[in-house]
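Presented below is the structure to which this report refers.
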Amino acid sequence: MFHAGELSVQERAGVRFEAARLSGMLAPGGLSRGAGGWLAERTLAALTGRDRDGRLWVSALTGPPGFLAGLGQTLRVAAVPAPGDPLHDLPAGQRVGLIAIDFATRRRMRVNGTLTGALTGTAGGLIVDVAEAFGNCPQYIHPRRLMSATAPGGAVPGTFTVAEALTADGEATIRGADTFFLGTTHPDRGADASHRGGPRGFLRAGDGGLWWPDYPGNNMFNSLGNLATDPSAALLVPDFATGRTLQLSGTAAVEWTEPGTGAPDEVTGRRVRFHPAAVVTGEHPALVAAADAPDPRGVRR
């Protein structure tokens with residue numbers, strides 16, 4: 001079930017055997033009742049897709065419980081990117097990737113498929129023909145409680161600002177981030193959205209670009225495998241203190257270094273370097289996190 005890019009990264013990392021045991025997770029299939037029930041309780045998802053110019057982006061989608069409704073081969077999303085968001089009015093017929101996440105319980109699910117149309121009604125929405133859906137482990141998910149269930153739905157229209165390069169404010173957002181969403185794509189398998197987390201500051205900015213270490217994970221290398229085939233990449237960096245978002249579109253590549261040196265970024269001997277070609281800032285009040293973020297064991301941090 002792995003494509004050539006994933007297999008090449010697995011081979012370079014020396015984990016082909018470990019990854020093969022997980023290949024069944026990527027088998028084509030729809031949403032079970034359990035998966036659909038879990039999605040129905042979520043209030044946040046990140047969507048990877050291409051705008052009308054063909055540029056790859058990741059956008060946040062929020063709504064009250066029930067805004068994600070899926071069963072079998074169909075996922076209905078009762079939300080759309082706001083006017084000004086790069087993926088507002090994204091064209092149907094394209095492959096998209098979506099990841100729903102619950103920070104409080106540190107659970108996430110990826111759903112990949114084809115955007116087949118739009119929901120009718122006042123608020124609008126998206127319809128996705130599901131090709132695959134699978135969960136990921138809780139590693140690197142920081143517990144927090146978002147205000148998305150009570151805050152106004154969606155981003156604030158008219159607050160988006162477009163730039164060709166990172167500003168000082170954008171670099172400050174990056175330096176303070178402990179979480180971001182990564183969008184990648186494959187010419188045959190389509191788009192994918194994934195979560196990246198680490199200690200505050202693990203995402204670095206400098207010399208007009210960004211880079212981050214690749215921490216140990218499930219060894220499938222879906223994202224890095226896509227990059228080995230297609231360098232197109234996109235980032236969504238949320239500021240959970242203010243609700244501001246930083247969206248970046250560009251290209252990325254895996255850099256292989258010497259592992260085991262003791263430096264925090266040399267644990268695996270891999271890092272990803274990203275070169276932005278377009279930058280968009282916005283405001284998304286539903287992404288503001290409460291100060292009393294819950295610990296997954298029920299203890300407040």
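With hydrogens and angles ignored, the 3.5 Å screen pairs a side-chain donor or acceptor of Gln10 with a backbone N or O of Met220. The main-chain N or O of Cys137 is found under 3.5 Å from a side-chain atom of Arg108 such that the two form a donor-acceptor pair. Gln73 places a side-chain N or O within donor-acceptor distance of the main-chain N or O of Val130, the cut-off being under 3.5 Å. Thr62 contributes no side-chain N or O that, together with a main-chain N or O of Thr43, makes up a donor-acceptor pair within less than 3.5 Å. Between the side chain of Arg106 and the main chain of Ile141, a donor-acceptor pair closer than 3.5 Å is present. In this structure a side-chain-to-backbone donor-acceptor pair under 3.5 Å is present from His142 to Gly198. Side chain of Arg95 to main chain of His186: no donor-acceptor pair is present (N/O by atom type, distance under 3.5 Å, no hydrogens or angles). The backbone N or O of Arg50 lies less than 3.5 Å from a partner atom in the side chain of Gln94, making a donor-acceptor pair. When atom types are taken as modelled, the side chain of Asp51 and the backbone of Asp53 share a donor-acceptor pair closer than 3.5 angstrom.
Within 6.0 Å of CZ in Arg244 there are 12 or fewer heavy atoms belonging to other residues, nucleotides or ligands.
No side-chain heavy atom of Phe221 sits under 4.5 Å from any side-chain heavy atom of Leu227. Looking at Arg12 and Val254, their side chains never come closer than 4.5 Å, going by heavy atoms from C-beta outward. Using a 4.5 Å heavy-atom threshold, the side chains of Leu246 and Val279 count as touching. Here the side chains of Gln247 and Asp85 are in contact, with some heavy-atom distance below 4.5 Å.
Atom CD1 of Ile174 and atom CG of Leu248 lie 5.5 Å apart (nearest 0.5 Å). Considering CG of Leu56 and OG1 of Thr251, their distance stands at 11.5 Å, rounded to 0.5 Å. Here the OG1 atom belonging to Thr114 is positioned 13.0 Å from the CD1 atom belonging to Ile127, to the nearest 0.5 angstrom. Expressed to the nearest 0.5 Å, how far CG of Leu39 lies from CE of Met109 amounts to 5.0 Å. Here Ile99 contributes atom CD1 and Thr48 contributes atom OG1; the two are 9.0 Å apart, rounded to the nearest 0.5 Å. Going from atom CG of Asp129 over to atom OG1 of Thr74 covers 6.0 Å, rounded to the nearest 0.5 Å.
With 3.5 Å as the limit, one finds a donor-acceptor pair spanning the side chains of Asp230 and Ser232. Residues His3 and Arg189 have side chains that never bring a donor and an acceptor to within less than 3.5 angstrom of each other.
Between Val280 and Phe160, the closest heavy-atom pair is CG1-CD2, 3.7 Å. Taking all atoms of both residues into account, the shortest heavy-atom contact from Gly49 to Leu87 is O-CD2, 3.5 Å. Nearest approach of Asp102 to Trp38, heavy atoms of both residues: CB-CZ2, 4.1 Å. Taking all atoms of both residues into account, the shortest heavy-atom contact from Gly97 to Ala193 is O-CB, 3.8 Å. Listed here is the closest heavy atom pair of Pro213 and Arg204: CD-NH1, 3.8 Å. The heavy-atom pair separating Leu166 from Ala205 by the smallest distance is CD1-CB, 4.4 Å.
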Can Thr281 and Thr167 be said to form a side chain to side chain contact (heavy atoms under 4.5 Å, CB included), step by step?
CA-CA 10 Å; Thr281 59; Thr167 64; 5.7 Å; no
Is there a side chain to side chain contact (heavy atoms under 4.5 Å, CB included) between Thr105 and Glu41? Walk through the geometry before answering.
CA-CA 12 Å; Thr105 61; Glu41 297 175 351; over 6 Å; no
Would you check, one step at a time, whether the test side chain to side chain contact (heavy atoms under 4.5 Å, CB included) holds for Asn136 with His195?
CA-CA 9 Å; Asn136 285 139; His195 161 277; over 6 Å; no
Going through the checks in order, is the side chain to side chain contact (heavy atoms under 4.5 Å, CB included) test met by Arg196 and Leu203?
CA-CA 9 Å; Arg196 290 292 185 273; Leu203 179 61; over 6 Å; no
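Among the candidates Val128, Leu126, Leu236, Val58, the single residue satisfying the side chain to side chain contact (heavy atoms under 4.5 Å, CB included) test with Leu47 is Leu126. Under the ring pair (Phe, Tyr, Trp, His ring centres under 6.0 Å) test applied with Phe202, the options Trp212, Tyr140, Phe180, Trp211 reduce to a single match, Phe180. Just one residue in the list Thr245, Leu44, Leu61 forms a side chain to side chain contact (heavy atoms under 4.5 Å, CB included) with His284, and that residue is Thr245.
Transitive grouping of hydrophobic side chains (ILVMFWY, heavy atoms separated by less than 4.5 Å) brings Val80 and Trp57 into a common cluster. Phe67 and Leu71 fall into different hydrophobic clusters, defined by Ile, Leu, Val, Met, Phe, Trp and Tyr side-chain heavy atoms under 4.5 Å apart, directly or through other members.
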